[in-house]
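For reference, the structure discussed in these notes is given below.
Just so you know, these numbers use all the heavy atoms, side chains as well, and skip hydrogens, waters and symmetry mates.
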Amino acid sequence: MLGNLSVRNVVLFSAKAGLWLALSFVFAGAMASPSLAQDADAATGQKMDAAIACLNRLSERAFDSRSRYVDWAGDKPQMKKKPRNVLGLYTIYETADCAKGVSEAASVTPNNAQIEEASAGYVKSVQSLEPLLKDADDYYEQENYKDDKFAKGKDMHAKLLAAWDDFRTADARLREVVQTIGDERQTAELARVEKEQGRSAQFHVMNTFLHAKALVRAESSVDMDKIDLAKVNDLLAKYETAFKDLETFAEGQQDGKIDSFYVSSAKEVLVTAKGLMRRVRDKTGFDEGERMMLSQPGAGWMIEGSQPRLIRDFNQLVDNYNRM
């Protein structure tokens with residue numbers, strides 16, 4: 001065991017189905033630091049937990065609802081004149097739990113204006129979106145559009161798109177703050193571990209994890225044709241160095257503190273990240289069969305060198321990290 005090692009995670013989604021935007025991870029547990037700093041870190045941790053709970057619980061559903069809706073209604077200010085294959089949309093619920101968690105975390109001192117303001121903005125936007133989705137869902141579920149020739153549907157259309165746009169902005173802002181604070185806390189924790197323990201088993205595990213996170217974020221934050229190859233290659237080199245250091249340490253350890261499954265999953269991330277980089281660099285893309293797999297929910301991970309495969313491999317790394 002490596003002590004209090006665990007991470008809380010949030011996967012960031014695009015409103016465009018199938019595009020993974022980023023990953024943010026936060027090490028759980030307060031840092032071993034003077035009491036005042038420890039209190040501040042614990043308070044920030046609680047505020048981060050509340051924000052991440054909201055994101056994990058509500059965002060994917062809200063974006064999926066928009067994707068389902070615009071597929072048949074369109075994403076222009078005016079609804080399509082003659083919508084076909086009316087599928088309705090999805091509702092979101094339990095936004096009150098999100099609001100309660102954020103409110104309770106905001107009351108914990110010391111305050112952190114950055115995360116508190118971003119969380120409050122998220123709560124406001126998602127609670128504004130919830131009743132609009134409920135009203136629209138009832139309207140389309142009951143097929144009332146057949147009675148009023150889409151009159152109410154057309155009136156709701158612009159309001160729905162505006163609410164989703166507002167939510168997208170608030171969601172992006174909160175994710176940015178979570179990512180920034182999470183990176184800062186993790187970097188500080190890694191520095192503390194190295195100072196107190198040297199390049200120990202815990203250091204190598206955390207170091208590898210942080211480099212993996214940065215690499216996965218860079219390769220999964222945009223569409224493949226927009227990946228920054230220079231940045232990715234730099235992050236790949238750094239991650240490979242961190243992985244080799246981890247592997248060497250694990251091979252020479254006597255107490256077995258670094259689990260072999262963690263090492264194996266770290267290697268899988270490296271292999272997939274390189275495969276994805278090569279697809280982009282060599283402009284090979286995907287063949288017809290692979291594209292078909294990538295278009296199917298939950299099937300893209302089976303394609304080597306793909307973004308879904310990289311996400312899947314990284315999530316396995318998280319699982320193995322949490323088991324140590």
Side-chain angles (χ1 to χ4, degrees), residues 1-12 20 22-32 45 48-49 52 56 178-179 182-220 232 234-277 300-324:
M1 298 294 290
L2 298 179
N4 188 22
L5 275 187
S6 66
V7 291
R8 301 183 177 94
N9 69 77
V10 53
V11 181
L12 311 188
W20 300 82
L23 293 171
S24 284
F25 285 79
V26 181
F27 289 119
M31 299 190 303
M48 290 279 281
D49 286 347
I52 289 171
N56 279 345
V178 166
Q179 178 175 297
D183 287 350
E184 291 171 351
R185 296 177 78 211
Q186 291 171 14
T187 300
E189 178 70 357
L190 181 64
R192 181 193 67 80
V193 169
E194 184 174 18
K195 180 179 179 180
E196 295 181 359
Q197 303 177 14
R199 298 212 157 197
S200 61
Q202 185 170 354
F203 170 85
H204 285 295
V205 169
M206 292 174 65
N207 188 49
T208 305
F209 189 88
L210 288 178
H211 282 293
K213 181 192 69 171
L215 176 59
V216 172
R217 183 186 292 161
E219 288 197 294
S220 303
V232 165
D234 178 61
L235 292 172
L236 264 171
K238 292 176 179 176
Y239 178 59
E240 186 162 14
T241 296
F243 170 72
K244 287 181 178 178
D245 289 344
L246 169 83
E247 192 174 41
T248 299
F249 187 95
E251 290 173 351
Q253 66 185 356
Q254 300 299 317
D255 51 12
K257 286 184 177 179
I258 299 180
D259 189 89
S260 61
F261 288 107
Y262 180 82
V263 178
S264 296
S265 58
K267 187 173 184 178
E268 286 299 314
V269 169
L270 180 61
V271 170
T272 300
K274 284 188 174 184
L276 177 55
M277 178 276 294
W301 70 268
M302 290 183 277
I303 305 302
E304 295 181 2
S306 69
Q307 289 174 316
R309 177 61 168 262
L310 185 60
I311 295 294
R312 177 258 197 178
D313 289 347
F314 186 72
N315 282 338
Q316 287 188 335
L317 182 69
V318 174
D319 289 342
N320 287 320
Y321 186 104
N322 285 336
R323 279 197 286 268
M324 286 192 293

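When every heavy atom of Ala242 is checked against every heavy atom of Thr208, the shortest pair comes out as O-OG1, 3.6 Å. When every heavy atom of Val216 is checked against every heavy atom of Ile311, the shortest pair comes out as CG1-CD1, 4.1 Å. The two residues Phe261 and Asp259 come nearest to each other via the heavy atoms N-OD2, 2.7 Å. Scanning both residues, Tyr262 and Leu317, for their nearest heavy atoms gives CE1-CD1, 3.4 Å. Closest non-hydrogen pair, Ser306 versus Gly300, comes out as OG-O, 3.2 Å. Taking every heavy atom of both residues into account, Lys257 and Ala201 meet most closely at CB-CB, 4.0 Å.
Rounded to the nearest 0.5 angstrom, Leu235 CG and Glu219 CD are separated by 8.5 Å. Annotation: the span from Lys244 atom NZ to Thr241 atom OG1 amounts to 7.0 Å, rounded to 0.5 Å. For the atom pair Met48 CE and Arg185 CZ, the distance stands at 6.0 Å (nearest 0.5 Å). One finds the CD atom of Gln253 at 11.0 Å from the OG atom of Ser200 (value rounded to the nearest 0.5 Å). Between His211 atom NE2 and Leu270 atom CG the span is 12.5 Å, to the nearest 0.5 Å. Atom OG1 in Thr272 sits 3.5 Å away from atom CG in Asp313 (nearest 0.5 Å).
A donor and an acceptor atom, one from each side chain of Asn315 and Arg312, are nowhere located under 3.5 Å apart. Checked by atom type, the side-chain pair Gln197/Gln202 shows a donor-acceptor distance below 3.5 Å.
The closest side-chain heavy-atom distance from Arg309 to Ile303 is not below 4.5 Å. Contact of the Leu215 side chain with the Lys238 side chain is not registered, since no non-hydrogen atoms from C-beta on lie closer than 4.5 Å. In this structure the side chain of Thr187 never reaches within 4.5 angstrom of the side chain of Glu184, judged on heavy atoms.
Here the rule is ring pair (Phe, Tyr, Trp, His ring centres under 6.0 Å) with Phe209, and of Tyr239, Phe243, Phe314 only Phe314 fits it. Here the rule is side-chain contact (heavy atoms from CB on, under 4.5 Å) with His204, and of Thr248, Val263, Leu246, Val193 only Leu246 fits it.
Using a 4.0 Å cut-off between charged side-chain N and carboxylate O, Arg192 and Glu189 make a salt bridge.
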